[in-house]
Each structure stands twice: as structure tokens, then as C-alpha cells.
There are 2 protein chains.
Amino acid sequence: MVRKKPTLKTVAEKTGLAVTTVSRALLDSPQIALETRKRVAEAARELGYIPDRAAQRLRTGRTKVISLILDPHNEIPDFGRSMVAGLSYALKGTGYHLTITPDFEGEPTIDPVNYITRNHLADGLIFTRTEYFDERVKLLQELGFPFVTHGRTELATPHAYWDYDNEEFAYRAARHLIDRGCQEIGIVLPPDRFTFYQHLRYGFMRAVRESGVASVIPVDIDLDSPPEVLREHFADWQLKPGTPTGIVCPGETSALAISSSLTDRRLTPGTDFHLAVKRTSSLFELHRPSYFSIYENIFESGRGLGHSILNLLEGGEVSNNQTIQAPVM
Amino acid sequence: MVRKKPTLKTVAEKTGLAVTTVSRALLDSPQIALETRKRVAEAARELGYIPDRAAQRLRTGRTKVISLILDPHNEIPDFGRSMVAGLSYALKGTGYHLTITPDFEGEPTIDPVNYITRNHLADGLIFTRTEYFDERVKLLQELGFPFVTHGRTELATPHAYWDYDNEEFAYRAARHLIDRGCQEIGIVLPPDRFTFYQHLRYGFMRAVRESGVASVIPVDIDLDSPPEVLREHFADWQLKPGTPTGIVCPGETSALAISSSLTDRRLTPGTDFHLAVKRTSSLFELHRPSYFSIYENIFESGRGLGHSILNLLEGGEVSNNQTIQAPVM
DNA sequence: AACAGAGTTTATAACGTTATAAATTTTCGT
DNA sequence: ACGAAAATTTATAACGTTATAAACTCTGTT
């Protein structure tokens, strides 16, 4: 026999107060006597009262839901280190829940944003892989819908973001390769519609300019290319003889594809080539041959994104929620 | 200026019908004249009417939410191949949304289940890593709360599951090692409270018994051991000289740790040792040296889990939702 | 023309919460 | 002890939906 779920009414009956009073008391409203608030809190605790989300949502219009839009190219470390875990951690105990809305391959990225805002399925939105004039950002700004992006844009109106310093990553990665004696260095970039394409490119080119080494930026492949395509590309790749060639790769799977392609050609890491990788998991700490890598803490990004969206929902300023995360060796 | 969200009332006014009639018409109730149903559907479409989830949830008691509980040890391939992506795919277009509830390290796994069922935050639950007499399963069965597990249990009352055939995986992996001439084979198992510990062990031991090779099952490490611990263990590991030793490893990160530990000792894959790995991502297709691996399609598990929970919610039988997924080379 | 019965539509209430405004009680200065 | 103001509590209505039961409108039979 299941005892019915306690509601405000139950608590009101137990305390002899009106439903309204109980509601206010539990919201800790200063209008209610401190004594009463304590009494109500105690009664609610005893009864195991938990507010009904659906009713609250219907009445207040707030969903208490944050939605994360994930795209299929997102590389994820184990769940414990993932952005989802970080976000969950940030939302824990706040009453906010996390829903995942996938970006399906081949469907416009604006679709989930439309869907969520039109039907008001969340109070805040988080998404990744921003473009220069990201239409999702534009739409949400027009609507005044709270959001934080993982990545920046070139749009005039500022917005909240938590971004990794890809410029610095690429610079340091390139410098490392140059310091190791590479006379020619290359970089695998994401598709050029993304803002982090530019950031990576700038950082890379800064190091190139400073040092005067030769640079190669392949155009027929990118970070999202399937591993086989990357493997083929690097199988045909002409290395400058005599000095090692360096490659910056800001993606683990891609780096693995490149490494396997080059070692399959019997090229030797350290003498024929060097690789500088962005790592988000423990993969490149365990990989042999070991390559130089710089860490991006994705769990931390998730936490940052979570804190930012919560801050915005509490009325925080956009300008206080623009973070650029430093690369860690 | 934002036009207010259309509700049943808006549609009722437009069609000149009562709110109740519109509601019934949109639910396609046979009580409403076919002609009227069409007219209402058309009007709703024109207005861009979408039912309010909060109101439906409050009135019907159904949340239209499926919750996936993820634990920190879950290994995830890229998002496109993940269980979450598979689940999303299965739920797409059904009106069900997916929420993620994490199992935090060090907190009882029953906590999120309690939280979700007590507050009725979902209509169905999906979770992984089942134990023999899993208390989550017991609780949900007592409550009559719909759920599907990724993994089986030893409990008397049958329940819905979608499981990978770990017995067969371990058998085939072990057979492969034996066929390659290993005279001694070992296996890295998950913590022994999980049911798939047994499945893996049985499959492994079946191959051992059939062939009469020596077997080793380390007890001071398991699949959840941190990579450094695994590396240390395999750094001290005494190999039988003369013939290669085989190791079955049902986890990618663990396999990587083992591989690096052994190659750091200058042991040679193929002569000193063989590794047979379970792969869920493209990691071990790209890894060098390349090892034998057997595929577990996690996206497919997600889809299967999704279809099963939907089927249960439509009144489907538990017995029709017990699937064991075959390993693929 | 009356009426049963099917076919169709509608009014009312309720799910659990909170905003608004009104009502009650207490406090305090005179 | 009185009244005004402050402090506290309460009644009412509403968010958008659907279940229940009642009301209306046809049809075809007598």
C-alpha cells in the first residue's frame, strides 16, 4: 500500500496553516514569521514533502532544466571526466536538472535550439562549436533566452562563454615542435566555419612567424575527417628529408590516426616527425610512442558552463561570464 | 513584441469549439467527429500549437522523461557512437526527453534511483553495471517502476535488460590468444560485485578448460583500477619465458595502460605477449601495435535500451525485452 | 410526432503550485 | 485604552491540461 505523495496541502493540514502560508514559508519569505517558517520546514521534512516540479513549472513558467546540446563530433573522455559530468556536478543540489539534446548529423544545428526555445523546454541552454556569426547565438540573443557557449563568436553583442584558449594551445604546441628542431610544421584544423579554427590558426601562425620555419596547413582534411581519410592523407604526405616535421593536432582520435599512418610508413617519432596533441583524456598519457601533449580539462569546462548559466539565471552579467581557460601541460 | 504562446484555449477560440473538444480532438479520440478532428489539427498546425509539457505532466502524472543514470567509470566513445546518442536516437520523435542523472563517485548507487522515483522525475529508468542482487532492480520491481538495465542480475523476478554477451566475448578473446600459441593466459576483470564479472570469467574459463592452458586472474587490480595501478601491476608481472602470454582486457583505457606498461619493459607484442581487447571506439583500430579486438556497439545498446523502455511504457512484456547483444569482430 | 439511442460536444473540476490582494492579528505611540 | 501602522496569515484565482459526467444534436424507428 503506497501512501500518497505529500503536497502542500498535506503539510498545511499537519501544521494547521493555510496552503499559501506553507508555500511562502517553504520559500523562506520574510513575510512569514521566522517561528512559523521553522515549524513548517520541520513538518515538511517529517512528511518527506518535495515540491512537484510540474506544478511549479506550470505556475512559475520556469522549468528548472538546463539543456546541453551535444554534437556527434564531440570527443568524450570517460564519463567521469566529461563535460556532462562537470555540468552535473555544477548543477548538483541546485534543483536544476540536465537534459541532453543531440545535434543529429546532417540536421541543422539551429533545430534543437528552435525546438527548446519554442516549447520552452529549458531555462538555459549550453552548446559547443560556435561559428563566427553563429545563428544559434543570434536567435537566442533576439529572444533574450539565457545561454552559455563553449566557444566564442565574432558577433557584436557580447554573450556568455566558457572557452578553451586554443590560440595559446596552438602557439605552445607549435613552439614545442620548433624547439625540438622541426624545420617544417603543420596543423590539422577543424572545419573553417568554427571560430576555434581561427584561434588555432592564429596561435600556430604566431609561432611560425616568430621562428621563420616553413608551415603547411592541409586543406582537404580537417579534424572532423574520418580516421581513414586522415590516414590516407598522411600516408601520401611528403616529408622534408633531414629534419623532423612537426604536426599540431588538437584532437585525440585524429592524432591517433595520424600517428598510426606515419608509423605504418616506418617513420620514426622524434627523428622523422614530432606530434603535439591536445589531450582531454588519459589516452595520450598511456600511448606509446609518447607524444607531447597539452591538456584541456573538459570536466572543468562543464563545471564552468554550469556555473555561468546558473549565474545568468540569477541575473548575473554577461560580462562576468566570459572565461578563457588556460592550457595546462 | 512576442506573441503569446498558443494554448488549447487559442485553438478553441479560432475554431469556435470548447477547450475540452479541442483537447480530445488533438488526442485523436474516436468520440470526436473525424471532420472536427481534421479541422482542429489544421487550426493547431496554423497557430503552431504545442501542448504544454508541464500542464500535461501535472494533469496526467506522466513526465514523458526517460532518465539515464551514468556512472563515472563508464567508458565513452565519441558522442556520435555513445549510449546517450543511441538513446536519443531511439527517443527521437516520441515526445520523450532524456535526462542524465550521474552516479557520483563514492555515493550509493541507489541514491539517484530513490531520488527519481520518490519525486517521480521520470517515467522510465535506465542504468548500467548491474550487480547480482542489485538493490536498484529490487527497489524498482517493488515499486513497479519501469526500467531497463544494461546488464543482467541473478534476481528471481525477471526484468528487462539489454546486455552484451560478455561470456562469448571472453571466450572468443581467450580462444584467439590460445590459437596464437599462448600457453598462459590472463584476464583483467571488473570488480567482482558486478554480474558481468561472472560472465567474463565463465567465458574465459570455458576456453581455458577446453584447451588446458594455464590461467591467471589477478586479484589486486581490476578494470576500474587507475591506469597507474595497472601499469605498476604489469610492470612487475612475471612472464613465462619461451611462449607468449595472453591477456584478455575488456576495457580500452585499461588495455592501453597494460600495453604501455609491457612495451615500456621492451616486451614485444606477438612474441612475448598477446592482447585481446574489447573495443567500443575506434581507438584500437588506430592503435599501434595493433591488437586483436572484438567490438561492442554502445550506440546500438543505447538504441536497444531506448526501444525497450518505450515498449515497457506501452505495456510491453518484460520477456520481450531481454536482449543479449552478440560480439562482432 | 414522439422517442430511443447513437453520435457529438460541452461544463465542471481537478492536478499542485504561487501571485495578488485582502483579511486578520500584533505592536506601539500617545 | 485607542487607533494607526506593521506584521502575519489567508482566500481567491490562475497556470494549461484532461477525466468525468452531463448536455445537446442528430438519425431512424414506431
Side-chain angles (χ1 to χ4, degrees), chain A residues 2-41 43-44 47-65 95-97 118-123, chain B residues 2-41 43-44 47-65 95-97 118-123:
Chain A
V2 186
R3 207 165 52 209
K4 222 176 154 331
K5 204 182 120 192
T7 68
L8 284 181
K9 203 171 153 202
T10 326
V11 182
E13 277 159 9
K14 169 146 183 167
T15 53
L17 293 162
V19 170
T20 312
T21 315
V22 173
S23 171
R24 306 283 274 278
L26 291 173
L27 294 175
D28 217 26
S29 156
Q31 249 182 82
I32 303 296
L34 199 61
E35 166 72 18
T36 311
R37 276 184 261 168
K38 277 187 195 152
R39 200 155 57 86
V40 170
L47 288 168
Y49 166 78
I50 286 138
D52 184 284
R53 301 196 121 233
Q56 286 186 318
R57 177 165 167 179
L58 177 59
R59 180 62 245 233
T60 64
R62 270 174 292 115
T63 62
K64 289 282 194 166
V65 164
Y96 281 91
H97 288 180
R118 290 237 179 86
N119 309 7
H120 193 58
L121 297 175
D123 295 339
Chain B
V2 185
R3 208 165 51 210
K4 223 179 153 330
K5 203 181 122 193
T7 68
L8 284 181
K9 202 170 153 204
T10 325
V11 182
E13 276 159 10
K14 168 147 183 167
T15 54
L17 292 163
V19 170
T20 312
T21 314
V22 173
S23 170
R24 307 285 274 278
L26 290 173
L27 293 175
D28 218 25
S29 154
Q31 248 183 83
I32 303 296
L34 198 61
E35 166 71 20
T36 310
R37 275 184 263 168
K38 277 186 195 152
R39 200 156 58 86
V40 170
L47 289 168
Y49 167 77
I50 285 139
D52 184 284
R53 301 195 124 233
Q56 286 185 318
R57 178 165 165 180
L58 177 59
R59 182 61 245 231
T60 64
R62 269 173 292 115
T63 62
K64 288 282 195 167
V65 164
Y96 280 90
H97 289 181
R118 289 237 179 86
N119 309 7
H120 193 57
L121 297 176
D123 295 339

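Order of the sequence lines sets the chain letters (A, B, ...), proteins ahead of strands, with each chain counted from 1.
- A heavy atom lying under 4.0 Å from DNA chain D marks the following residues of residues 23-31 of chain A, by number: Arg24(A), Gln31(A).
- By the side-chain hydrogen bond (donor to acceptor under 3.5 Å, both in side chains) test, Arg59(A) pairs with no residue at all, sequence neighbours left out.
- With the end axes of the helix from dA1(C)-dT30(D) to dT30(C)-dA1(D) each set by five pairs, the angle from one to the other reads 60° at 10° resolution.
- Going from atom CD of Glu35(B) over to atom P of dC26(D) covers 14 Å, rounded to whole Å.
- Here the closest non-hydrogen pair linking Val65(A) and Tyr96(A) is N-CD2, 3.8 Å.
- The salt bridge (charged side-chain N to carboxylate O under 4.0 Å, His left out) analysis of residues 9-22 of chain A, with sequence neighbours excluded, yields the pairs Lys14(A)-Glu46(A).
- In this model, a donor atom of one side chain and an acceptor atom of the other lie less than 3.5 Å apart for Gln31(B) and Arg24(B).
- Under the rule for a side-chain hydrogen bond (donor to acceptor under 3.5 Å, both in side chains), the partners of Thr63(A) that lie at least two apart in sequence or sit in another chain are Asp123(A).
- The phosphate of dT10(D) has OP1 or OP2 within less than 4.0 Å of a side-chain N or O from Thr21(A).
- Positionally, the nearest nucleotide of DNA chain D for Arg39(A) lies more toward the 5' end than for the other of Arg39(A) and Leu58(B).
- With a 6.0 Å radius and a threshold of 12 heavy atoms from other residues, nucleotides or ligands, Arg62(B) has its CZ atom at or below the threshold.
- The span of DNA chain C lying next to chain A, judged by atoms under 4.0 Å from heavy atoms, is bounded 5' to 3' by dG16(C) to dT20(C).
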